[in-house]
Each structure stands twice: as C-alpha cells, then as structure tokens.
Novice: 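The structure is given below, and queries will be raised subsequently.
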Amino acid sequence: MNGTTLGLLAGLALGFAGAFGGFGAFVVVLLFGAIGLLVGRWLDGELDVAELVRSAQRRSGR
C-alpha cells in the first residue's frame with residue numbers, strides 16, 4: 001500500500017468519524033477523502049504543490 005492509498009483511506013476514515021449520516025456527511029467524507037488523497041500523493045512525490053500554485057497564478061493573470 002503506497003502513501004496515496006493510505007492518505008485516501010485515512011481521509012475517508014476521518015470523514016466517517018467526523019460526520020455520520022445524510023447528504024452533509026457524504027460531502028464531508030468526500031472532502032476528507034480528497035484532502036487525504038492530495039496529502040498521500042504529495043508524500044509519494046507525485047504532487048508538486050509549488051507547480052499547482054504557479055499554475056493557478058498564471059490562470060488568474062497575476
């Protein structure tokens with residue numbers, strides 16, 4: 001199991017622990033899962049945060 005998978009599972013587990021039931025819980029779990037996935041990919045070296053920031057700045061015209 002790599003860091004991406006662990007990050008996704010950790011985010012999902014935190015989401016389930018944080019909120020339980022209904023559409024609001026679905027959104028919270030989805031958010032925590034996405035955050036966990038991003039952290040895991042960053043730990044694996046597959047996500048360059050600095051490049052994401054530069055890309056966002058170029059799109060916004062700064």
Side-chain angles (χ1 to χ4, degrees):
M1 206 181 300
N2 61 20
T4 300
T5 305
L6 283 174
L8 176 60
L9 291 175
L12 288 172
L14 287 172
F16 278 118
F20 198 81
F23 180 73
F26 170 77
V27 172
V28 169
V29 169
L30 185 64
L31 179 66
F32 276 106
I35 291 170
L37 177 66
L38 290 174
V39 169
R41 291 185 66 86
W42 178 70
L43 290 173
D44 282 347
E46 297 177 14
L47 179 68
D48 185 8
V49 178
E51 179 58 33
L52 287 176
V53 170
R54 281 191 296 272
S55 175
Q57 287 175 342
R58 279 186 294 233
R59 273 188 258 136
S60 69
R62 291 183 183 183

Novice: Could you tell me whether the side chain of Asp48 reaches within less than 4.5 Å of the side chain of Arg54, counting heavy atoms only?
Specialist: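 Heavy-atom side-chain distance check passes, below 4.5 Å.
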Novice: How long is the gap from CG on Asp44 to OG1 on Thr5, to the nearest 0.5 Å?
Specialist: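 Reported value, rounded in 0.5 Å steps: 8.0 Å.
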Novice: Does any non-hydrogen side-chain atom of Leu8 lie less than 4.5 Å from one of Thr4?
Specialist: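 Not touching, per the 4.5 Å side-chain cut-off.
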Novice: Just to verify, which of Leu37, Leu38, Leu31 counts as forming a side chain to side chain contact (heavy atoms under 4.5 Å, CB included) with Ile35?
Specialist: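 Passing option: Leu31.
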